[in-house]
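Read through the structure below, which is laid out as structure tokens, and then see the notes.
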Amino acid sequence: MQPTDIFVGSIDQGTTSTRFLVFNRDGEPVASHQVEFTQIYPNPGWHEHDPDEIVSSVETCIEEATREFEAKGYSRHSIKGIGITNQRETTVVWDHETGEPLYNAIVWTDTRSQAIVHELKQRRGATDLQRLCGLPLSTYPSSTKLLWLLENVSRVRDAYQRGTLAFGTVDTWLVFRLNGGVAANVFVSDPTNASRTMFMNLETLQYDTKLLDFFGIRGKIHLPKIVPSSHTTAYGRLAAGALAGVPIMGCLGDQSSALVGQKGFSPGLAKNTYGTGCFLLYNVGDRPVISTHGLLATVAYHFDGKPVYALEGSIAVAGSGIKFLQNNLDFFGESREVNDLALTVDDNGGCVFVTAFSGLFAPYWIDDAKGTIFGITQYTQKGHIARATLEATCFQTKAILDAMEKDSGHALSELAVDGGMSNSDLAMQTQADVISIPVYRPKMRETTALGAAIAAGLAVGLWRNFAELRDINRAGGAVFEPKIGRQESSGMFARWEKAVGMCRGWMGDSVRAESQSQSVIPVIPSPPEPVVKEPVVLEKEKARDTRMNGILPIPVSKLNVASDLDDADEEDLLLELRKLEILQRLKRMRNMYG
Ligand SMILES: Nc1ncnc2c1ncn2[C@@H]1O[C@H](COP(=O)(O)OP(=O)(O)O)[C@@H](O)[C@H]1O
Ligand SMILES: O=P(O)(O)OC[C@H](O)CO
């Protein structure tokens with residue numbers, strides 16, 4: 001078979017939708033399918049996905065895209081490898097023996113671990129973490145989400161105590177399930193995903209005992225083996241469906257994948273992806289750079305036995321701001337209409353929208369901010385708010401570029417972009433105006449999917465080296481040149497920075513109060529739990545747990561209730577628990593205030 005007769009598939013499992021694309025050797029998608037899946041928001045600041053729906057969305061996309069591929073006259077047998085790229089940090093827990101998910105996936109945007117983060121920040125060693133793993137403590141990485149699960153979900157804690165708790169990011173979950181689950185038990189992750197957990201050492205690309213100990217999770221938990229991003233055997237093969245038997249050979253977190261898809265292979269190259277969130281990755285070469293200006297250090301990719309690193313600026317809200325206008329405020333029916341709505345007015349009319357739905361990420365890291373619109377008057381129209389929403393991502397990108405210049409000593413001369421929101425010409429023109437450098441948008445914008453296809457294609461031999469990728473997606477892109485002067489753009493940015501400053505501390509008191517009322521109990525070392533028969537989960541709590549969003553006032557393992565309870569017993573026990581909680585609180589206050 002000639003390389004030109006070989007195709008690779010790419011699973012792109014994003015925050016709001018899943019896609020499967022089949023690429024040819026020229027890097028062109030010849031067939032694709034995309035489905036949106038359910039976003040679950042059980043409480044303010046909470047964001048979940050159903051792990052089974054994630055898998056079924058992937059299976060549907062593979063079936064449909066393969067059907068389209070064959071309808072175009074190709075054979076499914078010419079698809080020789082598959083790459084996976086995925087939303088990062090999103091945390092899935094399942095039972096290692098049964099393969100059953102133990103809770104909904106907690107999505108990267110979710111801020112429920114705020115009080116845990118607040119408490120962890122007070123601990124000895126908290127300031128050393130970033131040097132080891134590249135990330136600061138926040139609600140964003142998987143680590144604090146896992147601690148929340150251990151603290152609050154009885155099934156997770158039980159599995160932990162039985163030694164059957166499996167933890168993974170979405171790549172691990174998909175690889176496990178697509179290989180057939182427990183029957184094959186393929187349990188791996190790649191360094192670009194593992195670097196988002198806070199458990200992996202950036203230099204060794206393996207789990208670091210100092211990090212695991214800090215979070216108190218060493219020992220009893222099953223963590224996936226970390227293997228290179230491009231590999232012929234480690235990721236197994238699809239167990240069922242239209243492409244059963246095809247090996248999975250590439251795996252990259254979606255932002256790393258977009259950097260690869262944009263061919264950002266040399267130090268100094270960068271890309272900015274405007275999806276649900278927005279993520280600027282800047283290739284820094286074969287040594288990690290630990291930021292001192294609010295950026296993250298992460299793994300860009302790990303091919304050929306050696307890792308390449310990136311500085312990252314992460315923005316929590318980009319396209320999700322547009323979805324908010326669409327779904328929550330009913331401004332329009334489809335995301336693409338934001339462009340026209342924003343064009344109904346000449347400017348933002350004095351509005352600045354700090355879209356801090358998940359607090360503010362890079363470079364500010366304000367976890368106690370909430371979304372705030374400044375400057376509203378009777379003059380304000382929907383168009384002004386639409387513009388302010390697009391501008392919010394552009395301003396944060398400017399703040400990130402400034403930080404990146406300080407960290408790297410190098411200023412970008414052009415910004416390569418992709419992702420759903422980059423389809424808005426107005427957003428990209430605004431971006432060029434705000435950062436005063438040209439913005440380059442490639443013709444084919446499925447660069448995230450292309451990156452994973454490249455990872456698989458390098459392993460399967462579709463491409464032998466980066467040089468062979470040079471001409472892919474080079475022609476037909478659009479360039480947005482800055483149209484306003486630097487003085488005007490500096491004025492706009494200054495107003496944004498003022499608004500950010502005014503958001504600080506909005507949630508401060510309630511986070512501190514919650515942190516005081518919630519005990520973050522380190523799982524290890526913990527006092528040995530007395531073993532008393534099977535712990536009984538109270539019916540009310542069980543019901544909440546089945547809905548997968550129940551919070552137990554105290555970890556259920558602390559109950560150690562050994563017998564069935566009637567209603568009166570249950571009421572008594574709950575009363576006792578409440579008393580215990582109040583006592584714990586009083587004790588903590590006494591410790592704090594003497
Ligand atoms: N034409 C468009 N103009 C502006 N925003 C868009 C457009 N098309 C999609 N989006 C936004 O892009 C986001 C989806 O982008 P995508 O790259 O698919 O993200 P993800 O991988 O996070 O699911 C959505 O939040 C949507 O609001
Ligand atoms: O879904 P996206 O494309 O916004 O990407 C999500 C990121 O991986 C979160 O870190």
Side-chain angles (χ1 to χ4, degrees), residues 10-19 21 32 34-37 39 47 49 54 57 61 84-91 105-110 135 138-142 145 169-171 192-193 195-198 252-259 261 271-281 296 298 310 312-328 331-343 355 357-358 361-362 386-387 389-390 393-394 417-431 441 445-452:
S10 179
I11 296 165
D12 178 359
Q13 205 302 297
T15 310
T16 49
S17 75
T18 300
R19 302 160 164 91
L21 295 92
S32 68
Q34 177 173 7
V35 293
E36 292 207 350
F37 57 93
Q39 305 297 317
H47 188 182
H49 292 155
I54 290 181
S57 71
C61 288
I84 294 183
T85 177
N86 56 282
Q87 50 171 323
R88 306 165 304 165
E89 299 94 19
T90 298
T91 299
I106 300 190
V107 181
W108 59 275
T109 50
D110 190 294
L135 312 186
S138 76
T139 57
Y140 178 36
S142 316
K145 300 178 196 307
T169 39
V170 169
D171 54 317
T192 67
N193 278 295
S195 72
R196 315 302 293 185
T197 59
M198 287 193 90
L252 289 161
D254 56 3
Q255 303 309 323
S256 290
S257 197
L259 184 67
K271 67 87 212 180
N272 203 23
T273 302
Y274 303 72
T276 303
C278 180
F279 302 86
L280 203 157
L281 262 67
L296 310 180
T298 199
E312 172 175 327
S314 328
I315 301 169
V317 173
S320 54
I322 297 167
K323 286 275 180 210
F324 172 78
L325 302 185
Q326 177 188 329
N327 299 332
N328 302 40
F331 274 18
F332 37 75
E334 300 215 25
S335 296
R336 63 184 154 74
E337 295 172 55
V338 70
N339 200 78
D340 288 346
L341 178 61
L343 282 171
T355 49
F357 302 156
S358 302
F361 285 11
R387 261 188 193 260
T389 307
L390 299 178
T393 309
C394 300
V417 299
D418 51 43
M421 186 177 138
S422 76
N423 287 307
S424 161
D425 286 358
L426 178 63
M428 294 304 100
Q429 183 57 54
T430 306
Q431 186 64 87
R441 185 178 66 188
R445 273 158 244 162
E446 298 290 356
T447 35
T448 302
L450 177 60

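Counting convention: from 1, in listed order, for ligands and their atoms alike.
Taking every non-hydrogen atom of Y140 and a distance limit under 4.0 Å, the qualifying atoms of ligand 2 come out as 9 (C), 10 (O). Atom numbering of ligand 2 starts at 1 in the shown order; those under 4.0 Å from a heavy atom of W108 are 4 (O), 6 (C), 9 (C).
Contact check for I315 versus Y274: no side-chain heavy atoms found under the 4.5 Å cut-off.
Side-chain atoms of R196 and T298 include a donor-acceptor pair closer than 3.5 Å. Between the side chains of S335 and Q326, at least one donor N or O sits under 3.5 Å from an acceptor N or O. No donor-acceptor contact under 3.5 angstrom links the side chains of T85 and D254, judged on distance only. Using modelled atom types and a 3.5 Å distance limit, the side chains of R336 and N423 yield no donor-acceptor pair. Between the side chains of S17 and E36, no donor-acceptor pair is found at a separation under 3.5 Å.
Closest protein heavy atom to atom 1 (O) of ligand 2: T15 OG1, 2.4 Å. Protein heavy atom nearest atom 8 (O) of ligand 2, with residue, atom name and distance: D254 OD1, 2.5 Å. Remark: minimum distance from atom 9 (C) of ligand 2 to any protein heavy atom is reached at E89 OE1, 3.2 Å.
D171 contributes atom CG, which lies 11.5 Å from atom OG of S257 (distance to the nearest 0.5 angstrom).
Using modelled atom types, one side-chain atom of D110 and one backbone atom of H47 make a donor-acceptor pair closer than 3.5 Å.
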*Mind running side chain to side chain contact (heavy atoms under 4.5 Å, CB included) on Q87 and H49 for me, showing each step along the way?*
CA-CA 11 Å; Q87 50 171 323; H49 292 155; 3.2 Å; yes
*asked:* Determine whether T169 and S142 satisfy the following criterion, side chain to side chain contact (heavy atoms under 4.5 Å, CB included), listing intermediate values before the conclusion.
replied: CA-CA 8 Å; T169 39; S142 316; 3.7 Å; yes
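Protein residues having at least one heavy atom under 4.0 Å from any atom of ligand 1 are G14, T15, T16, S17, R19, G275, T276, G319, S320, I322, K323, S335, R336, V338, G419, G420, M421, N423, S424, listed by chain and number.
For ligand 2, the polar-atom distance check against R196 finds no nitrogen or oxygen pair separated by under 3.5 Å. Checking only distances, N86 never comes within under 3.5 Å of ligand 2, N or O to N or O.
At least one heavy atom of G277 lies less than 4.0 angstrom from ligand 2.
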